[in-house]
Every structure is written in C-alpha cells, then in structure tokens.
There are 2 protein chains.
Amino acid sequence: MRQNAVMLELAILGFLYDAPLHGYELRKRISALTGHVRPVAESTLYPAIKRLEKAGLLVRATEPGAVAAPRHVLRLTDDGRLELRRRLAEPDERDITDENRWFAVLAFLRHLDDAPAQAAVLRRRMAFLEEPASFFYDGDRPLRAEELDDPFRRGVLTIARATSRAELTWLRDTLESLGG
Amino acid sequence: MRQNAVMLELAILGFLYDAPLHGYELRKRISALTGHVRPVAESTLYPAIKRLEKAGLLVRATEPGAVAAPRHVLRLTDDGRLELRRRLAEPDERDITDENRWFAVLAFLRHLDDAPAQAAVLRRRMAFLEEPASFFYDGDRPLRAEELDDPFRRGVLTIARATSRAELTWLRDTLESLGG
DNA sequence: ACGCAATACATCGGCACCGATGTAGTGTCG
DNA sequence: CGACACTACATCGGTGCCGATGTATTGCGT
C-alpha cells in the first residue's frame, strides 16, 4: 500500500463516517484538509473509491443528478465504519511519524469515541516527539540550530522545534482533559 | 514527474553539491533529512540516481570497495550544479506550498549563493503563509480553532498556527539580515 | 570457525500515480 | 441563445513507487 493511498483512504473513510457524500464533495473536503500539501487528483480519488468499494467498506448508490450529472452517493458499510475505527485505534508507525498522515489521523480521531483508546494514540505520538532528532548530523551527533552557520538550515530546525513544542503542549493538555 | 521524485532529486543534487558521495551514504543523509516523514526505499533511490545520470546531471565512477562492495562514487557535472541552482532559484508552486518540499528547498538554499535570489524565494513562501487558510470549513468560511468542539481538530489548527507563526518570524528576521 | 550485522549495490513485478482528455448535464450572463 | 463556467464522473497510458529478494564483501563477537 502506497503512502498516499493510506492517507487518502483514511480521509475518505473519515469524511464518510459523518455523512454519505458524492465523489465531488468528498474531493473538495479532502482538498481543504490536505490540498495545500498534496493536491488530490480526481484520477487518484476515483480508483481509491473503487478499492474501498471492492473491499466492501463502502457502497455506491446512483441518484439522478439534481444539479448536474447523476451522482454516486457514497455510504460506508458497517465494515467500513469498523475499519475506520480500527485504523484510528491501531495506526501504524508511519501514521505516527509522518506529519501529514498524523494530521489525517487527528482530523478523524473523534470518531474513535473511546477516550482511553484516543489517549493511547496521543501517547504514541508524544513518545515519538520526545525522541531527540535532527535533520542534520555531524557524523552521528545531531546538530542543534545554534551550531549551524547556514541561516536556512537554522530555520528548518527553529521551525521544527516550535512546532514540536506547540504540539507537545497541546498533547499534554489534551491527555489531561481526556482523563489520561 | 511525481511529487516524491521531485523532492528526492533535489535532495540528491543538494547533497552532492557539497561533495561527491556514494549511494549508501547519500541514502543515510536523505533519511536523516526526510526519513521520519517518508523513508527512502533503496529501490526508489537507485532509479532516481539513474535518471539524473541519464540526464547528464551526475556521473558515476567505480572505486574498489575499501570496506565492502565496490562503490559508485556520484559526482555532479557542471550541468548538475547549474540545475540545482535553477531548481532553487525557480522553485515551482508546490515547492512553496508543500511543507516537505519547502524544507528540502530550505536545506539547500545556501547553495544558491545569491542573497537577492534567496530573498525572493523566501518572499514567495511568506506570501503563501500570509494567505488565510484552514483545514476545515463551514461551507466556504474557514473555521477557527476556537469554533471547533472537536479537541483533535482544534489541535490540528493550534499546531498549524504555531508553526506558521514561528516560520513567519524566522522569515522576517532572515529577510532583514539578507538585506531584503 | 561460524554466524550475524553492516556496507554497498542492484533487479523485478505488481500496483499506484496523475496529467490529459472525454462526456454530459446545469446555471448564468450578456 | 450562444458562450462559458461549473458540477460530476470516468478512462487511459506512461511512469514512478517500493517490498521482496539477491549478490558480495568486510568485520565483529563468542
């Protein structure tokens, strides 16, 4: 399974969990969520929908077109709803470490509807963020922003650090309010 | 050209700009730079190297293996050096909007070695960050963190906002010191 | 002496990606 | 009432992705 596909399928399942939608509307919502990072080509969305349909996670019902061409309204099956909750409860390692995929998980995590399970997922992310890491190394030793004379690489580290701090603060607050 | 390929090729050109490297070392450096987000499969790296070789941007010289198997030391050609500077000076729109690709540009922007050109690239990113944007919409209206009752989606917005602020601060400081 | 890990490179096959392109109906503005 | 934009769905083809797998060498631990 390709990286993109994993994220795309999660987004499809996540948006449909709330309400049935047709492809075009789905595409707009996915574009808003991840579009500036990675625009969704329609020719990527439709095959993804077909894969999920084939796997029995969603069904398509053709409705006469009220505004334009006939719509295929997409609706999750019970298996589909189960599968979304499974993917949210047991995200794989890359869902935790890849920022894009992690945000996709976060965007739908409320569907898990189980505070301890949600807290467990947040704690996995917290453990990952607390590991020391850098983007640039001197041999094996991670370089800190202050050690770089390149202002652009210093920027990379400065921004990454600010993000990481903001996220850790949010994680701690949220874990507390989840009664972790 | 695929999204991933663009970023991967930039990283290859960027790391080789400093010094010739063999594939294995290149892979380690790319992994440090982007690995937690998107691990580089060796079977993706080698075809990318071949593409760049075919395009005349780098050459491979076989050296007897000092430690293990014979190494193919990769060295940028003059065309390759020119091409990196071109890609840095004229990043396409997605290099600006896609966070992953933007950080790859930043990691090598010093190679551009031309303060006004560097400043122009930073200003493009600044313009993008200053556009109002959200991940979630009520119709067409972007939703703010405070309006969401979903704590996880609120987290997405809170973290994104902190990142954006940190980056804007850094951009302004750096533009000033570049004499923009 | 042997196994295992690490270094270093490489191929293959199935599938995913996505730009280009096509079809068809609806809304609207001049 | 013709042009154009938008909604909505769909296919095709060339290319990239990447897990699985293979080859060969060095070197360390026990």
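Throughout, protein chains are lettered first and strands after them, A, B, ... in sequence-line order, and every chain is numbered starting at 1.
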Discussion item. Heavy-atom nearest nucleotide on DNA chain D for B/E42 versus B/P47: which residue maps closer to 5'?
Written reply: B/P47

Worksheet entry | Residue whose closest nucleotide on DNA chain C lies nearer the 5' end, B/R94 versus B/E25 | B/E25

Worksheet item: For the side chain of B/R51, counting heavy atoms from C-beta on, which of D/dG16, C/dC17, C/dA10 is nearest?
Response: D/dG16

Worksheet item: Would you call B/R87 and B/E9 a salt bridge, taking side-chain N to carboxylate O under 4.0 Å as the test?
Response: yes

Worksheet item: Does the ring centre of B/F15 sit less than 6.0 Å away from the ring centre of B/F108?
Response: yes

Worksheet item: Is there a side-chain polar atom (N or O) of B/H72 under 4.0 Å from OP1 or OP2 of C/dA8?
Response: no

Discussion item. If the cut-off is 4.0 Å, is B/Y46 near the phosphate of C/dC9, judged by side-chain N/O to OP1 or OP2?
Written reply: yes

Discussion item. If you count every heavy atom of other residues, nucleotides or ligands that lies below 6.0 Å from B/R86 atom CZ, does the total exceed 12?
Written reply: yes

Worksheet item: Within less than 4.0 Å of OP1 or OP2 of D/dC6, is there a side-chain N or O belonging to A/K28?
Response: no

Response to the item:
Quick note, A/Y24 side chain, CB onward, closest among D/dC9, C/dC18, C/dA10 is D/dC9

Fill in: Worked verdict on B/E93 versus B/R124 for salt bridge (charged side-chain N to carboxylate O under 4.0 Å, His left out)
CA-CA 9 Å; B/E93 195 51 25; B/R124 282 183 61 193; 3.2 Å; yes

Discussion item. Measuring to OP1 and OP2 of D/dG19, would you say a side-chain N or O of B/S43 lies under 4.0 angstrom away?
Written reply: no

Discussion item. Under 4.0 Å from OP1 or OP2 of C/dC15: is there any side-chain N or O of A/K50 that close?
Written reply: no

Discussion item. Please pick, from C/dC9, C/dC18, D/dC17, the nucleotide with the shortest atom-to-atom distance to any side-chain atom of A/T44.
Written reply: C/dC18

Discussion item. Just N and O in the side chain of B/N4: are any of them under 4.0 Å from OP1 or OP2 of D/dC18?
Written reply: yes

